[in-house]
Amino acid sequence: MTDYTRPARVRVAPSPTGHMHLGTARTALYDYLLAKKTSGKFILRIEDTDLKRTIPGAEREIMDGLRWLGLDYDEGPDVGGAFGPYRQTERRDLYTQHAKMLVDNGHAYPCFCTPDRLEKVRQEQQKRKETTRYDGTCRKLSSDEAARRIAGGEKYVIRFKMPFEGSTTARDLLRGDIVIENKNLDDSVILKTDGLPTYHLAAMVDDHLMQITHVLRGSEWLGTFPLHVNIVRAFGWDEPEWVHLSIFLKPSGKGKMSKREAAEAVKDGYSIFIKDMQELGFTPEGLLNWMALMGWGVAENDVLTMSDMIEKFSLDHLNPSPAAVNFQKLDHFNGTHIRLFSTDELAARIKPFLTKAGFNVDDARLLRIIPLIRERLVTLDDGIDFAGFFFKETVEPNPDDLIAKGLDARQSANVARKAHEILAALPEINHAAAEPPMRALVEKLALNPNQVFGIVRVAVTGQKVSPPLFESMEIIGRAKVLERLQKAIEMLESMP
RNA sequence: GCCCCCAUCGUCUAGAGGCCUAGGACGGGGCCCUCUCAAGGCCCAAACUGGGGUUCGAAUCCCCAUGGGGGCACCA
């Protein structure tokens with residue numbers, strides 16, 4: 001059982017090489033939950049040691065994404081902290097020193113092999129159907145010779161010396177002991193020609209120096225797990241708790257999320273990128289709830305707020321198996337959380353979407369609209385379809401939509417005229433006053449409510465689907481309702 | 001090819017040897033409500049991959065098979 005009485009220090013350590021995605025967000029969430037649960041610290045560390053792949057703006061997106069999700073970090077590049085800097089390129093000297101420590105105590109060595117040679121070795125191994133691995137050429141070099149070549153200006157990397165014999169046992173919190181024969185391991189590069197470390201060195205050094213107690217990371221790291229454990233042990237450090245999280249599979253469950261699949265999701269109105277999700281109208285609450293439950297589960301009542309999650313979260317109960325993403329379920333959680341918002345809250349969340357869509361939003365009016373649309377929204381973006389017409393001067397219904405089922409244009413025009421008459425006779429169009437006479441009209445015409453109200457709906461809102469008719473008309477106001485009805489009558493009359 | 005990991009309804013999961021006739025959620029189907037679309041309520045179908053052990057007793061522990069996934073970079 002995990003000890004939740006000691007404050008945990010956990011970190012999310014993304015590399016700024018692209019858009020922030022679901023996997024990073026979920027790891028951050030679990031980190032955050034653990035930190036909150038133990039009154040510990042949640043830390044953001046930027047792993048930007050691959051200069052070639054670093055993308056400008058990516059770091060900003062990560063920080064914005066975490067904050068938008070409500071996963072505020074206690075330490076990080078832009079907030080500081082006692083264990084900084086929190087950007088690996090700013091910790092360069094630390095890695096150089098630590099690499100040297102390993103060389104000095106015989107756990108690492110300089111390697112002068114060129115990329116060309118390594119590539120050739122790899123190809124030959126592949127041809128012979130062998131495992132591709134470093135062949136150990138430079139491991140045999142004497143330290144004198146290595147020193148001479150370095151002094152001669154030759155380029156080199158530092159490789160970690162993996163043991164040849166025996167086995168390495170690494171303990172994962174969810175999987176127990178993972179044992180691997182050392183002969184299956186090779187000597188990985190820990191410090192590159194450019195002087196910057198690879199993940200293997202940088203993450204181990206930083207996790208130790210930053211006093212990380214629990215390392216939560218994707219299970220794609222399981223392959224290099226023994227390497228990492230060996231590095232930590234070579235330094236003589238205590239190990240953190242290792243927790244390898246399940247990875248996300250594409251919706252079909254066949255293979256992990258790929259670029260291709262990501263593009264596919266966007267076409268369907270979804271995305272695996274946090275920034276896109278925000279723009280698509282998903283809420284942090286819905287997203288968090290959904291992500292939390294991929295890789296973790298609760299017995300019942302799975303609608304969870306942040307405080308519910310903090311209360312119920314348990315590392316021991318995480319699920320190690322891969323999880324296929326299910327966007328339909330995201331829709332469900334998003335809608336559910338939207339319905340949990342107060343009217344003021346929802347209005348504030350929707351307003352930016354309406355504004356962005358070009359509507360001039362009146363706050364008081366929006367507040368009246370919210371109760372009408374709340375349970376119809378899946379995303380905040382849906383607010384445009386359900387509330388946009390309230391802010392339009394005029395609407396342009398599709399003429400065909402004005403014709404009720406079972407009626408022709410002439411008959412529909414007649415219905416519209418009668419409705420206009422009834423509504424025009426009212427000093428004010430509100431729900432209470434308008435519904436009874438309109439119901440009476442349905443009776444009198446021997447039609448069904450669908451037909452009559454449908455015509456009025458399309459005329460007044462410009463669309464076939466809308467919030468409840470009478471409540472909507474009340475907000476639109478008498479003048480505009482009559483004006484729009486009149487226009488619809490004319491449209492119908494001009495139809496053959 | 002080699003190494004590693006995983007395995008409960010279509011999907012996400014609960015399950016920690018007897019509380020299991022296997023629970024919940026999404027999705028699906030049906031009914032109710034209903035001015036459209038939703039939301040909501042009620043109901044239904046749907047799973048322990050297979051085979052061997054261990055045990056009085058296995059979804060749960062062990063082994064094998066099968067299936068799925070991940071990794072084999074001077075990327076993270």
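Just so it is clear: chains get the letters A, B, ... in the order the sequence lines come, proteins before strands, and each one is counted from 1. Since this is a predicted model, take the numbers as computed values, not measurements.
Among the protein residues, A:Glu471 comes within range of the nucleic acid bases, having at least one heavy atom under 4.0 Å from a base atom. Residue-level contact check: A:Gly335 touches neither bases nor backbone, having no heavy atom under 4.0 Å from any strand. Contacts of A:Pro468 with the nucleic acid, taken as non-hydrogen atoms under 4.0 Å apart, include base atoms. Among the atoms of the strands shown, only primed sugar atoms or phosphate atoms (P, OP1, OP2) are found under 4.0 Å from some heavy atom of A:Gly255. Residue A:Leu293 is classed as a sugar-phosphate contact, given heavy-atom separations below 4.0 Å to backbone atoms only.
Taking the P atoms as reference points, B:A46 lies 10 Å from B:G10, given to the whole Å. For the P atoms, the distance from B:C9 to B:A65 is 22 Å, rounded to whole Å. With P as the reference atom, B:C74 and B:G28 are 48 Å apart, rounded to whole Å. Comparing the same atom, P, in B:U8 and in B:C31 gives a spacing of 34 Å after rounding to whole Å. For the C1' atoms, the distance from B:G15 to B:C32 is 34 Å, rounded to whole Å. For B:A45 and B:G24, the P atoms lie 12 Å apart once the distance is rounded to whole Å. Rounded to whole Å, the P atom of B:C63 lies 29 Å from the corresponding atom of B:G23. Only the C1' atoms considered, B:A58 is 15 Å distant from B:G51, to the nearest whole Å.
Taking the ring centre of A:Phe112 as origin, the terminal cationic atom of A:Arg149 falls inside the region bounded by 6.0 Å and 45° from the ring axis.
Looking at A:Asp48 and A:Arg53, no side-chain N of the basic residue comes within less than 4.0 Å of a carboxylate O on the acidic one, giving no salt bridge. A salt bridge does not link A:Lys418 to A:Glu421: none of the charged nitrogens lies less than 4.0 Å from a carboxylate oxygen. Remark: A:Asp177 engages A:Arg171 in a salt bridge, criterion side-chain N to carboxylate O under 4.0 Å.
When each of A:Arg117, A:Arg122, A:Arg159 is paired with A:Asp135, the salt bridge (charged side-chain N to carboxylate O under 4.0 Å, His left out) condition holds for A:Arg117 and for no other.
If you check B:G69, B:U36, B:C6 against the side chain of A:Val465, the one that comes closest is B:U36. Residue A:Asn319 places its side chain closer to B:U13 than to any other of B:C12, B:C4, B:U13. Closest to the side chain of A:Ser466, out of B:C35, B:C2, B:U36, is B:U36. Listed nucleotides: B:A7, B:C35, B:C12. Nearest to the side chain of A:Ala324: B:C12. The A:Phe470 side chain lies nearest to B:C35 when the options are B:C5, B:C37, B:C35.
Taking a pair to require two hydrogen-bonding distances under 3.5 Å in either a Watson-Crick or a G-U wobble arrangement, B:G40 pairs with B:C32. In this structure, B:G1 forms a base pair with B:C72, meeting either the Watson-Crick or the G-U wobble geometry with both donor-acceptor distances under 3.5 Å. Across all strands shown, B:A7 forms a Watson-Crick or G-U wobble pair with B:U66, both key distances being under 3.5 Å. Base pairing annotation: B:U54 forms no Watson-Crick or G-U wobble pair, as no partner gives both donor-acceptor distances under 3.5 Å.
Remark: A:Arg439 engages A:Glu435 in a salt bridge (Lys or Arg N to Asp or Glu O under 4.0 Å) (not counting sequence neighbours). Residues forming a ring pair (Phe, Tyr, Trp, His ring centres under 6.0 Å) with A:Phe390 (at least two apart in sequence, or on another chain): none. Scanning for side-chain contact (heavy atoms from CB on, under 4.5 Å) contacts around A:Leu94 gives A:Arg91, A:Gln97, A:Leu209, with sequence neighbours left out. Considering only residues two or more places apart in sequence or on other chains, A:His244 meets the ring pair (Phe, Tyr, Trp, His ring centres under 6.0 Å) condition with A:Phe225. For A:Asp186, there are no side-chain hydrogen bond (donor to acceptor under 3.5 Å, both in side chains) partners two or more places apart in sequence or in a different chain. Residues forming a salt bridge (Lys or Arg N to Asp or Glu O under 4.0 Å) with A:Lys120 (at least two apart in sequence, or on another chain): none. For A:Val232, the side-chain contact (heavy atoms from CB on, under 4.5 Å) partners two or more places apart in sequence, or in a different chain, are A:Met204, A:Trp237, A:Glu239, A:Trp242.
Atom-to-atom, CG of A:Asp382 to P of B:A39 comes out at 11 Å; the value is rounded to the nearest Å. Atom CG of A:Leu174 is separated from atom C1' of B:U13 by 15 Å (rounded to the nearest Å). In this structure, A:Lys464 atom NZ and B:C37 atom P are separated by 10 Å, rounded to whole Å. When the C1' atom of B:G71 is taken as reference, atom CZ of A:Arg175 falls 13 Å away, rounded to whole Å. In this structure, A:Ile338 places its CD1 atom 13 Å from P of B:G40, rounding to the nearest Å. Counting to the nearest Å, the P atom of B:G68 and the CD1 atom of A:Ile247 are 15 Å from each other. Whole-Å rounding puts the A:Met294 CE to B:U11 P distance at 15 Å. Put simply, CG on A:Leu304 is 12 Å from C1' on B:U13, counting in whole angstrom units.
Between B:C37 and A:Arg457, no contact under 4.0 Å exists linking OP1 or OP2 to a side-chain N or O. The side chain of A:Lys256 contributes an N or O atom lying less than 4.0 Å from OP1 or OP2 of B:G71.
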Considering only nitrogen or oxygen atoms on both sides, find all protein atoms under 3.5 Å from nucleotides 23-26 of chain B and state each distance.
unit_1 : atom_1 : unit_2   : atom_2 : d
B:G23  : O2'    : A:Glu300 : OE2    : 3.3
B:G23  : N2     : A:Ala299 : O      : 3.4
B:A25  : O4'    : A:Asp302 : OD2    : 3.2
B:A25  : O2'    : A:Asp302 : OD2    : 3.1
B:A25  : N3     : A:Lys329 : NZ     : 2.9
B:C26  : OP1    : A:His332 : NE2    : 3.2
B:C26  : O2'    : A:Lys329 : N      : 3.4

Protein-nucleotides 73-76 of chain B N/O pairs under 3.5 Å:
unit_1 : atom_1 : unit_2   : atom_2 : d
B:A73  : OP2    : A:Thr132 : OG1    : 3.4
B:C74  : O2     : A:Thr193 : N      : 2.8
B:C74  : O2     : A:Thr193 : OG1    : 2.4
B:C74  : N3     : A:Thr193 : OG1    : 2.3
B:C74  : N4     : A:Cys113 : O      : 3.3
B:C75  : OP2    : A:Lys192 : NZ     : 3.4
B:C75  : O2'    : A:Asp50  : OD2    : 2.8
B:C75  : O2'    : A:Arg53  : NE     : 3.0
B:C75  : O2'    : A:Arg53  : NH2    : 2.7
B:C75  : O2     : A:Arg53  : NH2    : 3.4
B:A76  : OP1    : A:Thr49  : OG1    : 2.7
B:A76  : OP1    : A:Lys192 : NZ     : 3.4
B:A76  : OP2    : A:Tyr199 : N      : 3.1
B:A76  : O4'    : A:Arg53  : NH2    : 3.3
B:A76  : O3'    : A:Glu47  : OE1    : 3.2
B:A76  : O2'    : A:Ser15  : OG     : 3.2

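Nearest-nucleotide mapping onto RNA chain B: of A:Leu185 and A:Met257, the residue sitting toward the 5' end is A:Leu185.
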